[in-house]
Amino acid sequence: MSVEFLERLLDAEDEAFEVALTGSGLSSAQRELGAAVLNMDPLMVGDDPGRVFADCLRNGEKGPLRQRLKELQSLIDKAERAGDRETLERCQRELIATKKRLQ
């Protein structure tokens with residue numbers, strides 16, 4: 001998500017905000033999160049609501065990655081037990097890449 005897009009959202013009136021969120025390509029959960037953050041009390045958000053919004057989106061994306069880590073570990077365990085070297089190596093590569101994305 002670009003800084004320009006976040007700035008557009010922050011400057012939008014209610015109706016324009018809805019249009020911006022709808023046409024943004026965000027998931028419904030991300031749109032709901034954006035609406036919730038941008039409608040928060042300004043004292044709770046501070047001086048940089050765009051940063052808060054971006055942080056929330058980034059944190060919201062980590063849930064599925066954490067779930068995938070669990071799935072991959074299970075697949076790795078099964079591949080090790082079955083002696084499936086190809087699946088084991090593929091899952092280990094994906095596990096490493098997923099861990100990097102979580103950092």
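- Residues that satisfy the side chain to side chain contact (heavy atoms under 4.5 Å, CB included) test with L102, not counting sequence neighbours, are K62, L65, R66, L69.
- Judged as a salt bridge (Lys or Arg N to Asp or Glu O under 4.0 Å), the pairs with a partner in residues 80-93 (not counting sequence neighbours) are, in order, R85-E89.
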Show me the donor-acceptor pairs within less than 3.5 Å that the side chains of residues 70-79 make with the rest of the protein, sequence neighbours left out.
from: E71; atom 1: OE1; to: R68; atom 2: NH1; distance (Å): 3.1
from: Q73; atom 1: NE2; to: D77; atom 2: OD1; distance (Å): 3.2

